[in-house]
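Here is the structure we will look at, set down as structure tokens.
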Protein chains: 2
Amino acid sequence: MTLKYLPLALVASCLLSVSAMAKQAPSFDEADLKVAAELRDQALNSSLDYEIVESLTTEVGPRMAGTPGDAAAVKWGVAKLKELGFDKVWTEPVTFTTWKRGVEMAEVIAPYPQPLVITALGFSVATPEDGLSAEIIQFDDLDALKNAPEGIAEGKIVFIKNRMERARDGSGYGPAVAARGQGASQAAAKGAVGILIRSIGTDSDRMAHTGMMRYDEGIKKIPAAALSAPDADLLENMIRRGKPVTVKMTIGAKQGGEYTSHNVIGEVTGSEKPEEYVIIGAHLDSWDLGTGALDDGAGIGITTAAAKLILGLPERPKRSIRVIMFANEEQGLVGGKAYAEAHKDHIKNIITAAESDFGAGKIWRIDSKVKPEAIPAVKQMAEVMEPLGISYGNNQAGGGPDLIPLRGKGISVFSLRQDGTDYFDYHHTPNDTLDKIDPEALRQNTAAYVIFAYLSAQMNGDFGTGFHQK
Amino acid sequence: MTLKYLPLALVASCLLSVSAMAKQAPSFDEADLKVAAELRDQALNSSLDYEIVESLTTEVGPRMAGTPGDAAAVKWGVAKLKELGFDKVWTEPVTFTTWKRGVEMAEVIAPYPQPLVITALGFSVATPEDGLSAEIIQFDDLDALKNAPEGIAEGKIVFIKNRMERARDGSGYGPAVAARGQGASQAAAKGAVGILIRSIGTDSDRMAHTGMMRYDEGIKKIPAAALSAPDADLLENMIRRGKPVTVKMTIGAKQGGEYTSHNVIGEVTGSEKPEEYVIIGAHLDSWDLGTGALDDGAGIGITTAAAKLILGLPERPKRSIRVIMFANEEQGLVGGKAYAEAHKDHIKNIITAAESDFGAGKIWRIDSKVKPEAIPAVKQMAEVMEPLGISYGNNQAGGGPDLIPLRGKGISVFSLRQDGTDYFDYHHTPNDTLDKIDPEALRQNTAAYVIFAYLSAQMNGDFGTGFHQK
């Protein structure tokens with residue numbers, strides 16, 4: 001059937017419908033923009049975000065996936081969301097294999113005996129119980145190791161010395177972190193018996209940065225650890241003298257059994273379209289070395305406090321807002337994957353999503369991943385953030401690590417980009433503690449998240465779906 | 001015999017002699033001032049100071065008194081001074097009781113179990129092997145503990161929470177450090193079984209600061225440790241919640257036997273009055289946690305490099321210059337005491353002295369302890385330092401910790417006061433490493449020390465003696 005055979009009344013009805021759709025182009029009502037501005041100002045005068053991080057880091061502290069701290073954090077999350085009066089609070093199971101850190105020590109044996117500060121990389125195997133001693137072979141970076149001749153590291157401990165660059169957007173992380181993720185298998189492929197990398201971080205504190213590594217199938221698993229920056233300097237200085245440098249490393253890490261943790265979810269239930277919802281969230285787990293204040297207690301504080309402000313409005317917003325405290329982000333986005341799998345049949349209910357997982361620095365830009373016709377609405381949203389020093393960036397948002405699995409299913413996402421200049425000074429170290437959070441910067445984040453969450457829940461039209469980013 | 005009976009010729013001779021002394025009022029020849037300025041500029045263009053610290057921290061590293069690192073440092077010092085061509089290099093024995101650090105761990109047991117970062121204070125006794133668990137009792141500072149009722153801490157672990165203030169001149173150290181030195185015996189006197197203090201430092205890094213403590217005679221010795229600043233914050237935050245907080249601390253430290261280390265001395269031997277000498281120096285030992293770059297590798301580098309510049313002159317200065325690398329400053333100025341004792345019969349040979357032991361920050365002021373008539377000469381010296389941003393301060397110099405015993409015997413001293421704003425961020429922690437030294441600031445120090453040492457060795461007249469400062 002083509003248009004010319006249609007009855008005229010039907011044609012008129014079609015045209016009217018198109019016109020109605022045009023009126024429904026993504027936008028925000030003036031009244032909602034005003035409420036968003038009020039919520040922003042309330043956020044700037046509230047310390048709830050900081051109180052939440054203080055509570056999590058003090059009452060739970062380290063909460064590595066699969067540890068008693070993980071269980072305590074889930075319990076804490078449920079209790080906190082209930083205490084704050086969320087309309088619905090529930091958990092969803094997240095199952096994974098665990099890893100335990102054991103003893104970790106290293107020392108130069110020759111020619112200049114002295115101790116080294118190291119930490120095992122996540123999922124490293126152990127050394128023999130009485131340690132592994134071998135000569136060091138140094139590489140500038142992962143590529144130099146990859147391109148080196150076969151067998152070059154036979155019987156040696158590989159040392160990769162590349163340094164991470166400091167940048168506001170954290171762009172130094174990607175290039176540097178490959179050495180952590182792939183170094184062990186690349187070194188083993190060249191015959192190495194162990195690997196030490198310079199910590200993936202931007203500080204010069206004598207604390208090593210942990211983080212995940214992966215073994216390639218079919219290649220021998222060798223123990224892997226990170227040296228603190230000063231210790232990597234020290235090793236370089238020794239090596240420069242030209243004599244063989246022998247190091248002993250002792251790592252007691254091991255894989256544990258299967259464990260079931262939980263994503264913890266609190267909902268502000270919408271008044272008109274409760275089945276449609278906006279996701280804001282952060283990950284509840286941390287590494288074991290610090291108290292997980294920046295990574296990611298800050299995100300928990302920011303997003304929970306933002307939703308709590310919306311709970312304080314006289315009326316619920318039209319759509320629901322879910323605060324998701326993701327389980328086990330650190331060891332493989334496991335909570336994010338579990339959520340995407342559990343909700344795969346209702347992906348279209350997710351209006352949009354943003355995760356806060358880059359510390360507690362101020363937000364300086366908002367990026368979107370929305371259909372082109374929604375960009376004007378995003379710019380309206382950005383205008384409400386303008387007094388916070390935030391401007392609109394581009395339509396290439398990533399949304400955050402735990403949203404990668406949902407992104408793969410096509411959801412719209414936002415990135416509220418934080419200043420991460422100092423983030424990698426503390427990331428994955430014992431130094432990730434409450435004192436590193438500036439309460440004022442945290443409030444600025446909460447103010448931006450409350451604008452994002454409220455306006456997205458109230459919007460006319462939608463941001464679109466079907467983006468399927470990897 | 002009085003003047004009226006003296007032959008006239010003798011009176012005339014006496015008057016002449018007084019007149020000659022007046023001509024010999026402390027001063028510097030123009031030519032010497034010019035050489036001093038040249039040495040200053042050479043220092044600013046040399047990296048020898050940094051190379052010396054790099055060598056010490058890389059090839060020796062930690063060198064706590066009585067450890068193999070101590071022995072390695074003495075060997076290193078002798079070799080370095082010989083390599084640099086000092087006219088005489090020798091060692092003098094320094095004997096003391098040793099102390100060994102063992103295991104050190106702490107954790108909150110209840111109500112919020114999580115680990116704490118601590119380090120044992122120097123000469124602390126051990127806890128029982130399986131740890132000491134007790135409720136925490138918190139005090140604002142040492143005075144609050146002193147003034148508390150008898151028995152208030154019965155069976156408890158005392159926690160002193162006072163914070164050290166940051167200051168350029170390090171003036172926050174004195175008031176804060178009393179808690180470290182006296183806390184254990186004060187706590188034990190109130191019935192405590194252990195003590196934890198907030199680290200005496202200005203940082204917020206998760207590293208505890210070690211340092212000496214002393215037990216009073218006749219009071220029970222209880223184990224003593226410092227918490228890192230973030231851990232002290234954490235404990236405060238837990239205590240604020242009002243429930244009893246129980247901590248388990250495990251310390252394996254113990255006293256060792258007697259050990260003989262050595263002061264290492266290098267001399268630039270004077271050409272006219274070789275028996276008279278100027279002391280510049282620093283301490284060669286360090287605590288065990290870091291590599292002792294700031295405390296006191298920097299001082300070793302500065303003073304050794306300054307003397308080496310003088311060795312490079314076409315002629316030796318009139319008087320000798322001794323670089324003294326003092327043994328075991330950290331555990332009680334033992335090397336300084338040994339030097340003063342060994343040389344007590346020749347104190348008047350010491351023209352003046354200055355120790356560099358406050359890190360690697362730039363010098364901003366020079367203070368003296370000299371006879372009043374020598375102050376104009378000091379001001380002449382300060383003028384040569386003026387391009388370095390250094391001005392004359394006052395006549396109340398202390399000279400440095402290892403000079404306290406010599407000061408007690410009346411010698412003149414100088415204080416070349418460094419900017420210590422950041423010094424206590426790293427002091428006595430694992431973070432005292434080479435990367436904390438700014439080579440440019442180090443050169444500025446060396447430039448000031450070479451002016452001081454050279455001019456003092458060349459001066460007309462002297463700075464006086466008999467000051468007997470405690």
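Chain letters run A, B, ... following the sequence lines, proteins first and then strands; every chain starts at 1. Atoms considered below: every heavy atom in the structure, side chains included; atoms not considered: hydrogens, waters and symmetry mates. As the structure is a computational prediction, the values presented were derived from the model and not from experiment.
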By a 4.5 Å heavy-atom criterion (distance strictly below it), what part of [X] contacts chain B: side chain, backbone, both, or neither?
{"X": "A:Val108", "answer": "neither"}
{"X": "A:Asp233", "answer": "side chain"}
{"X": "A:Pro111", "answer": "neither"}
{"X": "A:Ser55", "answer": "both"}

Could you go through the salt bridge (Lys or Arg N to Asp or Glu O under 4.0 Å) check for B:Glu59 and A:Lys243 one step at a time? CA-CA 12 Å; B:Glu59 296 162 24; A:Lys243 295 180 195 163; over 6 Å; no
Would you indicate whether [X], at its atom [atom1], is surrounded by more than 12 heavy atoms from other residues, nucleotides or ligands within a distance under 6.0 Å?
{"X": "B:Glu165", "atom1": "CD", "result": "no"}
{"X": "A:Glu51", "atom1": "CD", "result": "yes"}
{"X": "A:Glu135", "atom1": "CD", "result": "yes"}

Least distance between heavy atoms, B:Lys436 atom then A:Ser204 atom: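 Smallest interatomic distance, heavy atoms only, reads NZ-O, 2.8 Å.
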Only counting residues at least two apart or in another chain, list the ones meeting ring pair (Phe, Tyr, Trp, His ring centres under 6.0 Å) with A:Phe159. none
So B:Thr58 and A:Arg240, side-chain contact (heavy atoms from CB on, under 4.5 Å) or not? Walk me through it. CA-CA 11 Å; B:Thr58 305; A:Arg240 190 179 305 120; over 6 Å; no
Identify, with sequence neighbours excluded, every residue that meets side-chain contact (heavy atoms from CB on, under 4.5 Å) alongside A:Thr429.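 Here the qualifying residues are A:Met207, A:His209, A:Asn431.
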List in chain and number order the residues that pass side-chain contact (heavy atoms from CB on, under 4.5 Å) with B:Ala79, two or more places apart in sequence or in another chain; answer none if no residue qualifies.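 Expected list: none.
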Residue among B:Val60, B:Leu434, B:Asp231 with most heavy-atom pairs under 4.5 Å to chain A: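 Among B:Val60, B:Leu434, B:Asp231, the one with the most close pairs to chain A is B:Val60.
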Decide yes or no for B:Pro62 and A:Pro115: does some side-chain heavy atom of the first lie under 4.5 Å from some side-chain heavy atom of the second? yes
Out of A:Thr433, A:Asp205, A:Thr57, A:Val117, return the one with the most heavy atom pairs under 4.5 angstrom to chain B. A:Asp205
Is any residue of residues 283-294 of chain A within less than 4.5 Å of chain B by heavy atoms, and which ones? A:Leu289, A:Gly290, A:Thr291
